[in-house]
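Quick notes on the structure that follows.
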Amino acid sequence: MASYLLIESRDPYSSGDNEFCLDLARRLVAAGDKVTLFLVQNGVQPARSGAEAAGLVALAQDGVDVVADEFSLRERGIAPGRMHPGIRPSPLEVVIDRLAEGCKVIWH
Amino acid sequence: MAQEKTLVFALMDAPYESANTATALRLIDIAVRRGYAVKVFAYEGAVLLPFSRQQRHPNAIHGRSVEEENHLLTREVIAFLIAAAKQNGGTLDWVNCGLCVDERGAGEAIEGVRRGSPADFWQMAQAADNTLVIGTR
């Protein structure tokens with residue numbers, strides 16, 4: 001089982017290719033790999049409760065660890081209590097932790 | 001714990017244009033505070049991040065002076081990160097792509113930045129524990 005870190009910096013409202021990370025995460029976890037999807041910058045916007053995020057919520061239910069950068073959330077006024085279930089705030093240190101562990105990482 | 005891990009970052013965005021830059025510098029900050037050996041390969045517009053002639057400016061629209069505006073300069077952030085790496089027992093080796101530098105007339109970089117080529121990036125990645133490429137859109 002390989003470990004993957006997918007970093008999503010884009011939001012689905014201004015990017016037409018936002019499905020890339022969701023689809024890749026879906027395929028990897030289905031193949032039995034360990035996947036963390038780290039939302040950062042505008043990538044955290046779908047984490048807000050009320051935003052369309054069926055794909056993210058489904059990934060979390062399927063076993064993908066879906067986390068959102070605390071700093072990016074604060075910048076955009078998204079409080080931890082106003083997020084979709086299954087998506088949790090996380091410090092950026094997680095990215096360095098995963099890099100140091102040798103996780104396969106992709107920035108999108 | 002110094003030098004326990006070697007991480008490589010490839011950056012491509014020019015300063016003051018993308019949120020990618022702030023995130024990249026935050027990541028490098030975390031790594032140098034851990035005393036890691038950090039290597040950065042700056043490509044394309046990113047070679048201007050440590051450009052030594054960056055200057056603060058006033059903000060006439062908001063009526064603020066140079067001091068009041070206190071504009072963040074990426075060259076100062078990078079100088080801070082190089083110093084922080086040393087203080088924590090690690091290193092920050094920042095390599096600017098030479099061709100990208102020449103194209104942009106960005107040869108005047110702060111102390112601690114060296115000139116290289118994509119071959120340096122390949123060698124860095126070969127020897128590192130991991131590599132993160134932060135490309136432009």
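Here the structure is a predicted model, which means the values were calculated and not measured. Lettering of chains follows the sequences in order, A, B, ..., and the numbering in each one begins at 1.
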Nearest-0.5 Å distance, NZ of residue B/K5 to CG of residue A/L99
10.5 Å
Tell me whether B/V40 is reachable from B/W122 by hopping between hydrophobic residues (I, L, V, M, F, W, Y) whose side-chain heavy atoms are closer than 4.5 Å.
no
Quick check: is B/Y16 connected to B/L49 through a chain of hydrophobic side chains (ILVMFWY, heavy atoms under 4.5 Å apart)?
no
Who else is in the cluster with A/Y13 when I, L, V, M, F, W and Y are joined by side-chain contacts under 4.5 Å?
none
Checking heavy atoms, do the side chain of A/R10, its backbone, both or neither come under 4.5 Å from chain B?
side chain
Hey, quick one: are B/V101 and B/I110 part of the same hydrophobic cluster, counting side-chain heavy atoms closer than 4.5 Å, chains of contacts allowed?
no
Quickly, which of A/V95, A/V40, A/D69 forms a side-chain contact (heavy atoms from CB on, under 4.5 Å) with B/T23? Name it, please.
A/V40
For the CD atom of A/E93 and the CG atom of B/L27, what is their distance to the nearest 0.5 Å?
9.0 Å
Minimum heavy-atom separation for A/I96 to B/Y36, with atom names?
CG2-CE1, 3.8 Å
Please report the closest heavy-atom contact between A/C103 and B/N130, naming both atoms and the distance.
O-ND2, 2.7 Å
Is A/L39 reachable from A/F20 through a run of hydrophobic residues whose side-chain heavy atoms are each under 4.5 Å from the next?
yes
Does A/R27 CZ have over 12 foreign heavy atoms under 6.0 Å away?
no
Where on A/L5 is there a heavy atom nearer than 4.5 Å to chain B: the side chain, the backbone, both, or neither?
neither
Looking at B/L7, B/D129, B/I30, which makes the most heavy-atom pairs under 4.5 Å with chain A?
B/I30
How about A/D97 and B/R34: do any of their side-chain heavy atoms sit closer than 4.5 Å?
yes
Path from B/V133 to B/L11 over hydrophobic side-chain contacts below 4.5 Å
no
